[in-house]
Amino acid sequence: MATAVQPAAAPPPRPPLVRAAPSHVPQLHASLIKSGELVASPKSFHSLLEAAAHGASPAAQLAYAVRLFLLGPRPPLSVPCYNVLMRAFLCAGHLEDALHLFVEMLDAASIWPDQHTVACALKSCSRMRALDAGRGVQAYAVKRGLMVDRFVLSSLIHMYASCWDVAAARLLFDAVEEKGVVMWNAIIAGYFRNGDWKEVVELFKGMLEVGVPFDEVTLVSVATACGRTCDSNLGKWIGGYVEDKGMLGNRNLVTALVDMYAKCGELGKARTLFDGMQSRDVVAWSAMISGYTQADQCQKALALFSEMQVADVEPNDVTMVSVLSACAVLGALETGKWVHSYIRKKCLPLTVVLGTALVDFYAKCGCIDSAVEAFESMPVKNSWTWTALIKGMASNGRGREALELFSSMCKASIEPTDVTFIGVLMACSHNYLVEEGRQHFDSMTKDYGIQPRIEHYGCVVDLLGRAGLIDEAYQFVRAMPIEPNTVIWRALLSSCAVQKNVEVGEEALQQIIQLDPSHSGDYILLSNIYASVGRWKDAAMIRREMRDRGIQKIPGCSLIELDGVVFEFFAEDSDHPHLREIYEKVEEMIDKIKVAGYVPNTADARLDVDECEKEVSVSHHSEKLAIAFGLMKLRPGATIRLSKNLRVCTDCHSATKLISKVYNREIVVRDRNRFHHFKDGSCSCNDYW
């Protein structure tokens, strides 16, 4: 009997190839070589290449993928294989290698880059800012008919925007009829990168009008732009939307909202969001610190910076700029010095912005030599850097050096700005350089095409007034092509106080009252003018007028930094932990300087103080309390540095000169207008401030 032959059993179906774990790639590679599938199956090779290229250890796995791609054994290379390696190069930051693969494909006769290849090539061009190469990729896309692909169009728009050619990006964008969120995000990102915040906001409003859905990427850009444009209405709408949609878990988005609320003056809302974040990176901390600094809440900025250090978050250059700005406002020299040492220790690059902040900080703390050192250490400087040092020298009584620096700036072909000329005119004003001041004021328009602003006119009024040319200053004000404001009239009134010119002083006060009738300092200046020429009844009349109008004298406030902590003192302070010791030190201080010739100027006392108490009142001005505290706490011979919110009064100026002599201390006071460097009984302002 014939034996029936059983048909051979069919081989079991091969399971689909899944992406291998990175550690298994060599094992899988060996298995595929052994089975012969590596060469026979393009799909298997592609999967292996993708597993190698996108492993968990990018550097090692990418090298393995490159060897697979170049050395084989392998089947003929396909477009998907090129795309895998291009994406891997992009992820690893090897942008030129990714672009080189695109060029290699063009040279190969049988391989044509597809829309995915073109998009990868354009991303490489975007990140390298390679505009010409990007245009070449676009030419290929046009030739192959790939410009209908939305992904290609979005990548092309992003490329042009990244290469600062936003106009070209916008032309492409406007030519597309149906735009998705990716394309809208690409053009918004372009304007965002170029700092055109208003256009970012307008584009988003356009999205809302046409009903295009937006995503969290869109909202990050638009929330930031709302902060820059102070568009609080749209910003609050975005904030409400984010809360309603449960997006508060997106750290980048919440950080953008913190920045937006802070810049729009909603610091309470910003801080609530900040405190509610589960994790905060350096960007979030920097945004909140910057918000406090820009809102002139500098003590809160430094307190938050201390919290940041406790949280062990490393600051970056953006953080340091905000912290230095806060230190500059507060006169917190020791904290700022620590920041400078940190910058050196961490080898942070001294960018133009960070270097300028450092120069400005030292200048505003009265340390001009340190400001010059910081300036000279900067590898690159712009006009703002030069301006910061020029203004610093001017306000510290080194006007001649400021003008020499301005001359060097011009020789270095750095174009001065309108703010530069404010510094130049300040330098002339504080050093009685009348002719030089006139020349520079005329040069602004004639040589640089800069139209004077109200601040420039104020500097000239101050310049003429300080030099005793009150009538010329008054005529200059009357001839101004723009309407004088309170700054102009106050500059004239201050000059009248120094020169004891009653007639023009009365006119200046009348003009000020029409514009701002509630500022106590203006009345006090005219009252002092009357008193200086013996018109006591008129002086008393002005003080009565203040009382009748309900005008209170602005309380003096002085800040002094000790061991990295900023202490605040108010006139006749009654709320300080060392109050008794401070007032005892003040008494000792006053007694000693009286022996040296000090006579209290009771005209600077508060208005509501009885005559018999006026001497005590002036002895308790905020700067005297701060100086006494400095004498108590600082080591012998150490410089005492403080900042004051008002112009230093005549009594405190006279007293501080004598304190510097009696106690053999250098005392640096920054008031509302300038620095006073007291040493050996004299002041850098030469008693003219």
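Residue indices begin at 1 and follow the sequence shown.
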Any non-hydrogen side-chain atom of [X] less than 4.5 Å from a side-chain atom of [Y]?
X	Y	answer
Ile414	Asn382	no
Phe678	Cys683	yes
Leu267	Lys300	no
Cys459	Ile422	yes
Asn601	Val618	no
Met393	Ile368	yes
Cys685	His430	no
Leu330	Glu561	no

For the residue pair [X] and [Y], is the inter-centroid distance of their aromatic rings smaller than 6.0 Å?
X	Y	result
Tyr457	Phe441	yes
His340	Tyr362	yes
Trp285	Phe305	no

Roughly how far, to the nearest 0.5 Å, is [atom2] of [Y] from [atom1] of [X]?
X	Y	atom1	atom2	answer
Phe476	Asp471	CZ	CG	15.0 Å
Ile512	Ile488	CD1	CD1	11.0 Å
Arg398	Leu405	CZ	CG	11.0 Å
Cys365	Asp360	SG	CG	9.5 Å
Cys652	Arg647	SG	CZ	11.5 Å

Side-chain ion pair, [X] and [Y], N-O less than 4.0 Å:
X	Y	result
Glu266	Lys269	no
Glu436	Arg400	yes
Glu506	Arg535	yes
Glu545	Arg549	yes

Check your understanding: Looking just at side-chain N and O atoms, do Ser290 and Gln294 make a donor-acceptor pair shorter than 3.5 Å?
Key ->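 Checked: Ser290/Gln294 side chains pair up, N/O donor to acceptor below 3.5 Å.
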
Check your understanding: Counting N and O atoms only, with roles assigned by atom type, does the side chain of Thr293 sit under 3.5 Å from a partner on the main chain of Ile289, one being a donor and the other an acceptor?
Key ->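 Yes, Thr293 side chain to Ile289 backbone: donor-acceptor pair under 3.5 Å.
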
Review point. Under 3.5 Å, is there a donor-acceptor pair between the side chain of Tyr523 and the main chain of Ser518?
Key: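 No: the side chain of Tyr523 does not pair with the backbone of Ser518.
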
Practice item. Taking salt bridge (Lys or Arg N to Asp or Glu O under 4.0 Å) as the test, write out the residues that go with Arg438, two or more places apart. Key: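 With sequence neighbours excluded, Arg438 shows a salt bridge (Lys or Arg N to Asp or Glu O under 4.0 Å) to Glu435, Glu472, given in chain and number order.
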
Practice item. Decide yes or no on salt bridge (Lys or Arg N to Asp or Glu O under 4.0 Å) for Glu199 and Arg170, but give the supporting numbers first. Key: CA-CA 11 Å; Glu199 194 59 36; Arg170 187 60 183 265; 3.1 Å; yes

Point to revise | Contacts of Glu415 that satisfy side-chain contact (heavy atoms from CB on, under 4.5 Å) - sequence neighbours left out | key: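 Glu415 satisfies side-chain contact (heavy atoms from CB on, under 4.5 Å) with Tyr448 only.
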
Point to revise | Arg544: partners by side-chain contact (heavy atoms from CB on, under 4.5 Å), with sequence neighbours left out | key: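 For Arg544, the residues satisfying side-chain contact (heavy atoms from CB on, under 4.5 Å) (neighbours in sequence not counted) are Ala540, Met541, Arg547.
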
Point to revise | Leu350: which of Val352, Leu354, Leu348, Val353 passes side chain to side chain contact (heavy atoms under 4.5 Å, CB included) | key: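 Between Leu350 and the candidates, side chain to side chain contact (heavy atoms under 4.5 Å, CB included) is satisfied uniquely by Leu354.
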
Review point. Of the options Leu492, Leu464, Val461, Leu469, which is the one that meets Tyr474 in a side chain to side chain contact (heavy atoms under 4.5 Å, CB included)?
Key: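 It is Leu492; the other options fail the test.
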
Exercise for review: Give me the ring orientation class for Trp197 and Phe192: parallel if the planes are under 30° apart, tilted from 30 to 60°, perpendicular past 60°.
Suggested key: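 If you compare the ring of Trp197 with that of Phe192, the planes turn out perpendicular.
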
Exercise for review: Would you sort out whether Phe406 and Trp386 count as a ring pair (Phe, Tyr, Trp, His ring centres under 6.0 Å), showing the intermediate values?
Suggested key: CA-CA 8 Å; Phe406 176 70; Trp386 288 83; 9.6 Å; no

Exercise for review: Please report the C-alpha distance between Ser495 and Ile470 in whole Å, then the side-chain angles of each, then the deciding distance to 0.1 Å, and finally whether the side-chain contact (heavy atoms from CB on, under 4.5 Å) criterion is met.
Suggested key: CA-CA 7 Å; Ser495 298; Ile470 297 294; 3.7 Å; yes

